[in-house]
Amino acid sequence: MAVVYTCFCTDVIHEGHLNIVKEAKKYGELIIGVLSDRAMIKFNRFPTVTFEERVEMIKNIDGVSRVVTQNEIMYDNIINSIRPDFVIHGDNWIEEPMRSIRDNVEQLLSEYGGKIIEVPYTYSENVKRVDDRIKERLAMPEFRRKRLRQLIQLCPIVKATEVHSGLTGLIAEKTVVAHNGELNQFDAMWISSLCDSTDKGKPDIELVDMTSRSRTIDDVMEVTTKPIIFDGDTGGQIEHFVYNVRTLERMGVSAIIIEDKIGLKKNSLFGTEVEQTQDTIEHFCEKIKAGKKVQLTDDFMIIARIESLILEKGMEDALERAFAFVDAGADGIMIHSRRKSPDEILEFCRRFREKNTTTPVVVVPTSFNSITEDELAAAGVNIVIYANQLIRSAFPAMEQTAKDILKYHRAQEVDSRLMSIKEIISLIDTL
């Protein structure tokens, strides 16, 4: 009997999946692969049930001969192992970014005469209802909040990008890129104080209060499902910080990052060019301890950001602070630098990892942007944050458009570089 293979990456079996099963059984013995959690989060969405539950769910489908694990998005290993006569899939993979998966399967099957079977993609009110329920569950605070810790365990490195509005949140949520035989997307979102302030036309000096910044979080959370890392600046007074921890945890934010400085906040990339005062180790440890004490769950993370390298206090000071902050209860360490070379970041990671192999390390490669994610992961980094690139790319584009409209007294000259309104609003889901 011919062997038919398909792969499911779903938490719920609906009529679309059953249509594929029904069609597949016409051609032979059906083997279904279950995409692993590690692979699933790279191109689809975070699973809302365990891998074991997903396997059991598919085993219970009538007509399935065998269930196997597919550990990669691309089909190389699974096809080489099973050598199916047919691979069946919905025709939605004809379009990018899934087209690269189809091309991969087509090439592998052509080597021994296998064929692709494509079933018209099923989309009905019932399927939409199922998809909407999964998205709603992913967006719920108790599920979203714990997802950053889960991602740290699943990913070689967690990729976060800055967002400062619902629209930029949708870009972070929905952008998937096929490149070099892989599909990639952002894993998390960074609510930057700098970008939040800049978007409101305010200076980056902690002028925008938590009430306003909470509205930004609400705007992003309402339309996305990915975990949020919040830029907490200095954390403010300890008495205020503990309330902010409770608020963020209740909202479903995954982590807050606070920097070990006091006084009027100045952006770190100014370094010693402006007056900046680093907090004492003892006082900052008290702030961390106070925040951890008021947490109600184990999901929320308080990450300590060390400014020693920014302020040219030296590597020894940075390491001393890192170990002290971890002892005080910090769930992660962010080490920052404004040098163009990543050398001092890599040295910090090497020396920190000699004594501590488990505490997550976070970096923000704004200045040292030549280093790759693979290189950072090899150095022991767990989270990389692209902290301001979206807003920095938007500003010059908007400014140039404004100048050209004023210059030519019409909009025709700018039209070729604009995205259509239809494309933009297609990002926005409707009920």
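Quick note: numbers below take in every heavy atom, side chains included, and nothing from hydrogens, waters or symmetry partners. Remember, it's a predicted structure, so these values are computed and weren't measured experimentally.
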*List the atom of Val4, the atom of Gly28, and the distance in Å for their closest heavy-atom pair.*
CG2-N, 3.8 Å
*Any chance NZ of Lys174 has more than 12 other-residue heavy atoms, nucleotides or ligands included, within less than 6.0 Å?*
yes
*Inter-residue atom distance Asp199.CG - Leu194.CG, 0.5 Å rounding*: 11.0 Å
*asked:* I'd like to know whether CD of Glu142 has more than 12 heavy-atom contacts from other residues, nucleotides or ligands below 6.0 angstrom.
replied: yes
*Mind checking the OG1-CD spacing from Thr168 to Glu173? Nearest 0.5 Å is all I need.*
11.5 Å
I'd like a table of donor-acceptor pairs (distance under 3.5 Å, sequence neighbours excluded) in which one partner is a side-chain atom from residues 89-96, with atom names and distances.
unit_1	atom_1	unit_2	atom_2	d
Asp91	OD1	Tyr121	N	2.9
Trp93	NE1	Glu118	OE2	3.0

_Counterpart residues, salt bridge (Lys or Arg N to Asp or Glu O under 4.0 Å), relative to Glu316 (two or more places apart)_ = Arg351
*Would you check if there is a donor-acceptor pair between the side chains of Asp343 and Ser341 at a distance under 3.5 Å?*
yes
*asked:* Do Ser214 and Thr211 pair up side chain to side chain, a donor and an acceptor below 3.5 Å, judged on atom types alone?
replied: no
*Is any NZ, NE, NH1 or NH2 atom of the basic residue among Arg102 and Glu106 found under 4.0 Å from an Asp or Glu carboxylate oxygen of the other?*
yes
*Work out which heavy atom in Ala330 is nearest to a heavy atom in Ile288; give both atom names and the distance.*
N-CG2, 3.5 Å
*Val361 and Gly380: which non-hydrogen atoms are nearest, and at how many Å?*
CB-O, 4.0 Å
*By salt bridge (Lys or Arg N to Asp or Glu O under 4.0 Å), which residues pair with Glu320, not counting sequence neighbours?*
none
*Please round to the nearest 0.5 Å and tell me the distance separating atom NZ of Lys202 and atom OG of Ser193.*
12.0 Å
*Salt bridge check: are Asp260 and Arg305 linked by an N-O gap of less than 4.0 Å?*
no
*Going by atom types alone, do Ser110 and Gln107 pair a side-chain donor with an acceptor below 3.5 Å?*
no
_For Thr216 and Asp219, which I'm curious about, is there any donor-acceptor pair between the side chains at under 3.5 Å?_
no
*asked:* Would you say NZ of Lys292 has more than 12 non-hydrogen atoms from neighbouring residues, nucleotides or ligands within 6.0 angstrom?
replied: yes
*Distance-minimising heavy-atom pair for His17 and Val12*: CE1-O, 3.4 Å
*List the steps, then state whether salt bridge (charged side-chain N to carboxylate O under 4.0 Å, His left out) holds for Arg149 with Asp331.*
CA-CA 10 Å; Arg149 287 191 184 273; Asp331 300 293; 3.1 Å; yes
*Which pairs pass ring pair (Phe, Tyr, Trp, His ring centres under 6.0 Å) with one or both residues in residues 344-374, sequence neighbours excluded?*
Phe323-Phe352, Phe348-Phe352
*Distance-only side-chain donor-acceptor flag, Ser370 / Lys340, under 3.5 Å*: no
_Quick one, Asp187 with Ile383, criterion side-chain contact (heavy atoms from CB on, under 4.5 Å). Give me CA distance, side-chain angles, the key distance, then yes/no._
CA-CA 10 Å; Asp187 306 300; Ile383 301 173; over 6 Å; no
*Is the closest side-chain donor-acceptor distance between Glu249 and Thr297 under 3.5 Å?*
yes
*So, Phe325 versus Phe284, ring centres under 6.0 angstrom or not?*
yes
*Out of Glu259, Glu307, Lys313, which residue meets the side-chain hydrogen bond (donor to acceptor under 3.5 Å, both in side chains) rule with Gln278?*
Lys313
*Answer yes or no: are there more than 12 heavy-atom neighbours, outside Tyr123 itself, under 6.0 Å from its atom OH?*
yes
*So among Val253, Thr247, Leu248, which one has a side chain to side chain contact (heavy atoms under 4.5 Å, CB included) with Arg250?*
Thr247
_For Met301 versus Ile152, what's the shortest heavy-atom pair and its separation?_
CE-CD1, 4.0 Å
*Chi angles and distances behind the salt bridge (charged side-chain N to carboxylate O under 4.0 Å, His left out) call for Asp404, Arg410*: CA-CA 8 Å; Asp404 284 348; Arg410 64 181 186 182; over 6 Å; no
_Met74 backbone acceptor or donor facing Glu72 side chain under 3.5 Å_ = no
*asked:* Using the side chain to side chain contact (heavy atoms under 4.5 Å, CB included) criterion, which residues pair with Val55? Sequence neighbours excluded.
replied: Val34, Phe51, Lys59, Val67
*Please report the C-alpha distance between Leu183 and Ile101 in whole Å, then the side-chain angles of each, then the deciding distance to 0.1 Å, and finally whether the side-chain contact (heavy atoms from CB on, under 4.5 Å) criterion is met.*
CA-CA 9 Å; Leu183 295 183; Ile101 301 176; 3.6 Å; yes
*Should Arg54 and Thr10 be marked as a side-chain hydrogen bond (donor to acceptor under 3.5 Å, both in side chains) after you check the CA-CA gap, both sets of side-chain angles, and the distance that decides it?*
CA-CA 8 Å; Arg54 293 194 285 125; Thr10 183; over 6 Å; no
*So, Arg137 and Thr225: side-chain donor and acceptor under 3.5 Å apart, yes or no?*
no
*asked:* Taking CG in Asn60 as the centre, count heavy atoms belonging to other residues, nucleotides or ligands within less than 6.0 Å. Is the count above 12?
replied: yes
*Under 6.0 Å from the CD atom of Glu125, do we count more than 12 heavy atoms belonging to anything else shown?*
no
*asked:* Just by distance, no angles: are the side chains of Asp76 and Asn104 close enough, under 3.5 Å, to form a donor-acceptor pair?
replied: yes
*Looking only at non-hydrogen atoms, find the nearest pair between Val223 and Leu170 and report the distance.*
O-CD2, 3.4 Å
_Heavy-atom neighbours of Arg133 CZ exceed 12 at 6.0 Å_ = no
_side-chain contact (heavy atoms from CB on, under 4.5 Å) between Lys226 and Arg147, worked out_ = CA-CA 8 Å; Lys226 294 186 176 180; Arg147 204 163 298 138; 5.9 Å; no
*Criterion side-chain contact (heavy atoms from CB on, under 4.5 Å) on Glu344 and Arg339, from CA distance to verdict*: CA-CA 8 Å; Glu344 66 177 2; Arg339 293 187 181 177; 3.4 Å; yes
*How long is the gap from CE on Met221 to CE on Met140, to the nearest 0.5 Å?*
12.5 Å
*Using only heavy-atom distances, determine whether the side chains of Ser420 and Glu423 contain a donor-acceptor pair under 3.5 Å.*
yes
*Report the distance from atom CD1 of Ile333 to atom CG of Asn382, rounding to the nearest 0.5 Å.*
11.5 Å
*Are a donor atom and an acceptor atom from the side chains of Glu15 and Ser124 found within less than 3.5 Å of each other?*
yes
*For Arg145, what residues pass the salt bridge (Lys or Arg N to Asp or Glu O under 4.0 Å) criterion, not counting sequence neighbours?*
Asp299
*Does the side chain of Gln70 pick up a donor-acceptor pair with the side chain of Tyr5 at under 3.5 Å?*
yes
*In Å, rounded to the nearest 0.5 Å, how long is the span from NE2 of His164 to CH2 of Trp190?*
15.0 Å
*Taking 4.0 angstrom as the limit, do Lys135 and Asp131 come out as a salt bridge?*
no
_Main chain of Asp209, side chain of Ser212: is a donor-acceptor contact present, judged purely on distance under 3.5 Å?_
no
